[in-house]
**Q** 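Mind having a look at this structure? Questions to follow.
Chain identifiers are assigned alphabetically (A, B, ...) following the order of the sequence lines, protein sequences preceding nucleic acid strands; residue numbering begins at 1 within each chain. Computed over heavy atoms, backbone and side chain alike; hydrogens, waters and symmetry mates excluded. Because the structure is predicted, anything quoted here is derived from the model rather than measured.
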2 protein chains.
Amino acid sequence: MKLNKKDRQQMLQTTIRNTPFITDEELANKFGVSIQTIRLDRLELKIPEVRERIKHVAVQHFDQVKSLSIDEVIGEVIDLQLDQSAISILEFKREHVFSRTKIARGHHLFAQANSLAVAVIDDELALTAKANIRFTRQVKEGERVVAKANVVKKGKFRTTVEVNSYVEKELVFSGDFVMYRKEDVQREG
Amino acid sequence: MKLNKKDRQQMLQTTIRNTPFITDEELANKFGVSIQTIRLDRLELKIPEVRERIKHVAVQHFDQVKSLSIDEVIGEVIDLQLDQSAISILEFKREHVFSRTKIARGHHLFAQANSLAVAVIDDELALTAKANIRFTRQVKEGERVVAKANVVKKGKFRTTVEVNSYVEKELVFSGDFVMYRKEDVQREG
DNA sequence: TTGCTATTAGTACCTAGTCATAATTCAAAT
DNA sequence: ATTTGAATTATGACTAGGTACTAATAGCAA
């Protein structure tokens with residue numbers, strides 16, 4: 001079953017999207033055409049060569065790894081008063097939701113809130129000791145969650161941080177985090 | 001400051017680890033030696049060529065993306081009795097810990113426990129409504145955390161799951177998760 | 001048969017290498 | 001001072017997976 005140009009190019013796109021590491025030669029075999037035809041197709045569809053595609057995937061991954069270790073807060077911090085309050089925004093994308101239901105996975109809401117609680121503490125080291133959390137409304141793919149952290153109690157070694165997360169005006173998550181700091185690091189988070 | 005062979009090879013390794021997309025030519029310039037020397041070094045250190053390195057990073061990333069969307073549990077499930085109990089193992093690597101202190105970030109422990117609590121529920125849909133969690137000991141890079149989930153209460157719409165996570169015999173995390181299921185999905189997790 | 005698109009072929013060139021051999025440099029030991 | 005051996009550099013042939021360009025051929029409709 002030989003395909004016409006249009007169909008072949010259609011299939012070519014999805015094939016390359018699914019298996020980006022495929023070479024022109026392999027594609028030529030797959031579609032029963034010459035290598036030159038595949039190259040013309042890629043030219044028309046503006047699909048780069050296999051080595052560029054591989055590199056693209058790798059660079060993306062590498063950047064992701066880098067930014068994760070540099071910026072240790074999950075979400076974008078838009079306000080930060082050390083030992084007082086902080087606000088971060090996280091947009092829930094495909095990677096944050098259950099693929100079937102498109103509902104956000106709880107640990108991402110937790111991660112946003114928890115890392116904000118860590119960030120608000122004005123100390124070299126802050127670790128979560130305890131947390132009491134409520135998920136009050138589903139978050140769906142595409143929604144932007146605004147997390148607001150407030151320091152509610154500050155002891156010598158422990159700080160209690162309250163975090164409320166909203167979509168628009170609606171509360172979607174709230175949690176009380178008991179944080180340990182600096183010297184007294186028997187516990188973790 | 002020209003380096004001797006040993007020091008150069010030492011630096012070469014860390015350079016390539018940090019910037020794996022560097023070519024032999026760039027490395028030769030960086031170290032003030034010929035390309036051939038770099039190639040001999042790579043041969044001795046068993047470091048593959050740049051295109052292989054790029055591919056390696058890309059393949060890793062690609063596999064990760066695939067497995068994340070297929071298998072939605074964080075960690076490896078090694079036992080699962082639906083509506084009864086489940087066990088998963090997660091090895092804490094560099095990406096799970098604070099880069100400075102090498103101590104595990106709390107939300108990864110939470111994610112392992114929470115996703116196991118979701119998995120143990122024998123229903124189409126299970127979402128976390130509430131959770132009460134304690135971090136009882138730090139987890140360090142390289143440690144393997146075994147999470148054990150037990151269903152402790154099963155109501156019509158809610159199921160309570162208790163999860164305890166251990167490194168060896170030591171309790172590092174424990175949490176009570178109140179899960180909603182199926183029809184009654186007003187809340188989320 | 002002409003005209004047009006699609007396809008295939010062929011050539012020169014490119015990058016970033018491998019593999020093998022040979023030549024050169026340098027420093028330490030005799 | 002010379003020799004020896006390791007380290008370094010050079011050279012040439014070859015590879016994969018391409019780009020860029022030109023030219024030839026195939027298929028089909030007006």
**Q** Can you tell which of dG17(D), dT7(C), dG17(C) lies closest to the side chain of K5(A)?
**A**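 Out of dG17(D), dT7(C), dG17(C), the nucleotide with an atom closest to K5(A)'s side chain is dT7(C).
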
**Q** The side chain of Q36(A) is closest to which nucleotide in this list: dG18(D), dT8(C), dG17(C)?
**A**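 The answer is dT8(C), which lies nearest to the side chain.
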
**Q** Taking for each residue the nucleotide of DNA chain D with the nearest heavy atom, is it E44(B) or L43(A) whose nucleotide lies nearer the 5' end?
**A**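 It is E44(B), whose closest nucleotide lies nearer the 5' terminus.
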
**Q** Atom CD1 of I16(B) to atom C1' of dG17(C): distance rounded to whole Å?
**A**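 After rounding, the gap between these two atoms is 13 Å.
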
**Q** Under 4.0 Å: is that the gap between some side-chain N or O of R8(A) and OP1 or OP2 of dA6(C)?
**A**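 No.
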
**Q** Taking the minimum atom-to-atom distance to the side chain of E49(A), which one of dT18(C), dG18(D), dA9(C) wins?
**A**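 When the side chain of E49(A) is considered, dG18(D) is the closest of dT18(C), dG18(D), dA9(C).
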
**Q** Taking the side chain of T37(B) as its heavy atoms from C-beta onward, which of dT9(D), dT7(C), dT8(C) lies nearest to it?
**A**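 Nearest nucleotide to the side chain: dT9(D).
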
**Q** Could you check how far CG of D41(B) sits from P of dA6(D), rounded to whole Å?
**A**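 It is 17 Å, rounded to the nearest whole Å.
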
**Q** Specify the separation, in whole Å, of atom CG of N4(A) and atom P of dC4(C).
**A**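 One finds 21 Å between P of dC4(C) and CG of N4(A), rounded.
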
**Q** Name the closest nucleotide to the V33(A) side chain, picking from dT8(C), dG18(D), dG17(C).
**A**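 Side chain of V33(A) sits closest to dT8(C).
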
**Q** Please state how far atom CG in L40(B) lies from atom C1' in dT24(C), giving the value in whole angstrom units.
**A**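 For the pair L40(B) CG and dT24(C) C1', the rounded distance is 14 Å.
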
**Q** On DNA chain D, check which nucleotide each of S34(B) and D24(A) is closest to and give me the residue with the more 5' one.
**A**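 Whichever sits nearer the 5' end wins; that is S34(B).
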
**Q** Nearest whole angstrom, please: distance from the P of dA20(D) to the CD1 of I35(A).
**A**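 After rounding, the reported distance stands at 17 Å.
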
**Q** Could you tell me how far apart I38(B) (CD1) and dT15(C) (P) are, to the nearest whole angstrom?
**A**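 Nearest whole value for this atom pair: 19 Å.
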
**Q** How would you label the contact of R53(A) with the nucleic acid (heavy atoms, under 4.0 Å): base, sugar-phosphate, or nothing?
**A**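 Nothing: the residue R53(A), judged by heavy atoms under 4.0 Å, touches no strand.
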
**Q** Can D176(A) and R134(A) be counted as an ion pair, charged N to O under 4.0 angstrom?
**A**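 So D176(A) pairs with R134(A) through a salt bridge.
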
**Q** Any salt bridge linking E162(B) with K153(B)? Criterion: basic side-chain nitrogen under 4.0 Å from a carboxylate oxygen.
**A**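 No, no charged N to carboxylate O under 4.0 Å.
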
**Q** Taking all non-hydrogen atoms of both residues into account, name the closest pair between F173(B) and I133(B) and its distance.
**A**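 Here F173(B) and I133(B) meet closest at CZ-CG2, 3.7 Å.
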
**Q** Taking NZ, NE, NH1 and NH2 as the nitrogens, is one of them in D41(B) or K46(B) under 4.0 Å from a carboxylate oxygen of the other?
**A**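 Here D41(B) does not pair with K46(B) in a salt bridge, since their nearest N and O are not under 4.0 Å apart.
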
**Q** Send over the distance from R39(A) CZ to dG10(C) P, rounded to a whole Å.
**A**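 Rounded to whole Å, this separation is 14 Å.
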
**Q** Do the charged groups of E44(B) and K5(B) touch, with an N to O distance under 4.0 Å?
**A**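 K5(B) and E44(B): salt-bridged.
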
**Q** Does any donor-acceptor pair link the side chain of R51(B) with the base of dG17(C) at a separation under 3.5 Å?
**A**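 Not at all, since no donor on one side and acceptor on the other fall under 3.5 Å apart.
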
**Q** Rounded to whole Å, how long is the line connecting atom CD1 of I22(A) with atom P of dA16(D)?
**A**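 The distance from CD1 of I22(A) to P of dA16(D) comes to 18 Å, rounded to the nearest Å.
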
